[in-house]
2 protein chains.
Amino acid sequence: MTLDVRVVVFSLREDALIALLVPISGGKWELPGSGVMPEESLEEAAGRAISPHIDRRQAHLEQLYTYGDPQRNPSSRQVSVVYFALVHMDAVRISVDIAKLWFRVDQLPPLVFDHPDIVRYALRRLRYKLEYSAAGFQLLPDEFTLSELQHTYEIILGETLDKRNFRRRILEAGIIVETPHLRSGEGRPARLYRYRADAMAEVKARRLFP
Amino acid sequence: MTLDVRVVVFSLREDALIALLVPISGGKWELPGSGVMPEESLEEAAGRAISPHIDRRQAHLEQLYTYGDPQRNPSSRQVSVVYFALVHMDAVRISVDIAKLWFRVDQLPPLVFDHPDIVRYALRRLRYKLEYSAAGFQLLPDEFTLSELQHTYEIILGETLDKRNFRRRILEAGIIVETPHLRSGEGRPARLYRYRADAMAEVKARRLFP
DNA sequence: AGAATAGTGTCTCTCAGACATTATTTG
DNA sequence: CAAATAATGTCTGAGAGACACTATTCT
């Protein structure tokens with residue numbers, strides 16, 4: 001009976017949600033994972049599992065579920081404590097990685113065992129989380145525009161949102177605040193916002209999006 | 001490194017929420033638990049852990065969280081997959097048990113390790129679950145009156161609820177249905193209701209109680 | 001000046017919350 | 001018929017959702 005941790009890491013590339021996978025022999029892929037060392041916590045093990053690819057200080061890990069069905073790995077009984085994380089691409093270590101280890105969640109390669117189920121469940125939880133919290137900013141850099149944040153929500157939820165209602169609700173939730181900065185580009189420059197570090201509390205009072 | 005499962009079992013006695021504990025040496029208590037056998041799933045192990053005390057077919061187990069901090073058990077590294085369950089007293093095996101192994105959740109005896117945290121977290125999740133679902137009926141027998149169900153909610157949430165609003169919302173949720181039966185007692189007989197076995201789907205659309 | 005994107009306010013309708021009286025049974 | 005509990009409907013206010021125009025910059 002072996003125990004390990006696995007991590008479902010989501011990020012955002014252009015117009016799609018992507019997940020980090022690592023190759024194993026036989027053309028198959030798996031979720032990044034690791035055994036648990038005697039002196040470390042499960043969350044630390046999860047951080048270590050992704051640290052070759054991600055700056056772990058920027059990855060908020062959250063425990064998802066523990067999979068331990070005796071049939072999940074036909075060759076050996078394996079229990080996996082699965083975490084999930086949202087990171088923005090600034091936290092991704094540049095190496096062979098980008099475009100080689102990240103896959104759009106709607107175009108995943110063949111995965112081992114029950115890892116497809118795990119990714120599906122993580123995705124469901126991510127959508128659920130977004131509806132009830134302002135967690136979407138974790139996929140963006142420190143400062144971001146409201147249009148970028150709205151775009152993020154639209155990609156993940158798979159539907160378009162009304163701009164005025166989106167702004168009203170996200171601001172009323174009080175989780176992000178204005179910065180003095182603007183971002184210039186094509187068209188009128190946009191106000192930049194950032195996460196309010198003091199209000200770490202989750203907004204579970206009322207769902208933000210339908 | 002040992003792996004086990006633990007179960008937080010909640011039930012209802014008179015006017016209080018109670019939890020099942022088992023004694024260990026030294027006057028301390030712990031959550032019922034068990035190792036995991038090679039051919040069984042984690043949930044099966046959890047069912048086996050409580051089967052001396054509970055008719056497991058009547059206990060809906062739900063995975064809560066996996067605790068694995070290296071300091072949680074000072075004498076050996078232990079990872080515990082924790083489940084929680086709601087049962088009604090009809091499912092409790094009559095033996096030495098009742099009144100000896102069940103404790104009001106606000107009057108727990110000394111517990112080992114991080115088990116107090118685990119119970120606290122389970123309680124938080126239970127309250128949260130009740131607000132968003134009609135799970136309260138799991139603490140009642142198959143058939144129950146709306147007053148009994150409301151009473152259950154009031155005990156767990158720790159506040160009184162308006163009778164008309166309670167009925168409206170619980171019935172609109174569509175999770176319980178009328179039976180042809182009535183229960184006589186003091187005062188006007190009350191209609192009995194039961195859980196709608198076909199609609200197992202959780203009501204997460206909108207919170208039922210504030 | 002035109003193109004591009006940012007930013008803003010109002011109305012309506014639904015649902016949550018507050019609230020009191022009538023109905024049916026037992027002793 | 002008194003006591004006990006069950007059952008029922010309405011009004012109001014807040015918030016969700018739909019909706020279109022103005023503001024600022026760049027080329």
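Chain A is the first sequence line, chain B the second, and so forth, proteins listed ahead of strands; every chain is numbered from 1.
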- note: A/Phe166, atom CZ; C/dA6, atom C1'; distance rounded to Å ~ 14 Å

- Task: Map A/Ser184 and A/Asp162 onto DNA chain D by nearest heavy atom, then report which one ends up closer to the 5' terminus.
- Result: A/Asp162

- Atom CD of B/Glu14 with >12 non-hydrogen neighbours under 6.0 angstrom: no

- Message: Are B/Phe166 and B/Tyr153 an aromatic pair, judged by ring center distance below 6.0 Å?
- Response: yes

- N/O (side chain, A/Arg169) to phosphate O (OP1/OP2, D/dA16) under 4.0 Å: no

- Among the nucleotides D/dT8, C/dG17, C/dA6, which one has an atom lying closest to any side-chain atom of B/Arg168? C/dG17

- Message: I need the CD-P distance between B/Glu172 and D/dT8, as an integer number of Å.
- Response: 13 Å

- Query: A/Arg167 has an atom CZ; how far is it from atom P of D/dA18, in whole Å?
  - Reply: 18 Å

- Query: What is the distance, rounded to the nearest whole Å, between atom CD of B/Glu159 and atom P of C/dA16?
  - Reply: 16 Å

- Applying side-chain hydrogen bond (donor to acceptor under 3.5 Å, both in side chains), name anything that partners A/Asp117, two or more places apart in sequence or on another chain. A/Arg120

- Query: So does B/Arg188 reach the base of C/dA23 with its side chain, donor to acceptor, closer than 3.5 Å?
  - Reply: yes

- Item | Nucleotide C/dG17, atom C1' - distance to CG of B/Asn165 in whole Å | 6 Å

- From CZ of A/Arg164 across to C1' of D/dC21 the rounded distance in Å is 8 Å

- Message: Taking any heavy-atom pair under 4.0 Å as a contact, classify B/Arg191: base, sugar-phosphate, or nothing.
- Response: sugar-phosphate

- In whole Å, what is the span from the CG atom of B/Leu192 to the C1' atom of D/dA6? 12 Å

- Message: How many whole angstroms separate atom CG of B/Leu149 from atom P of D/dT5?
- Response: 18 Å

- Message: Check the orientation of B/Tyr121 and B/Tyr67. Use parallel for under 30°, tilted for 30 to 60°, and perpendicular for over 60°.
- Response: perpendicular

- Message: Nearest heavy atom decides the nucleotide; on that basis, is B/Leu182 or A/Glu148 closer to the 5' end of DNA chain C?
- Response: A/Glu148

- Member of A/Val9, A/Val87, A/Val22, A/Val92 meeting the side chain to side chain contact (heavy atoms under 4.5 Å, CB included) criterion with A/His53: A/Val22

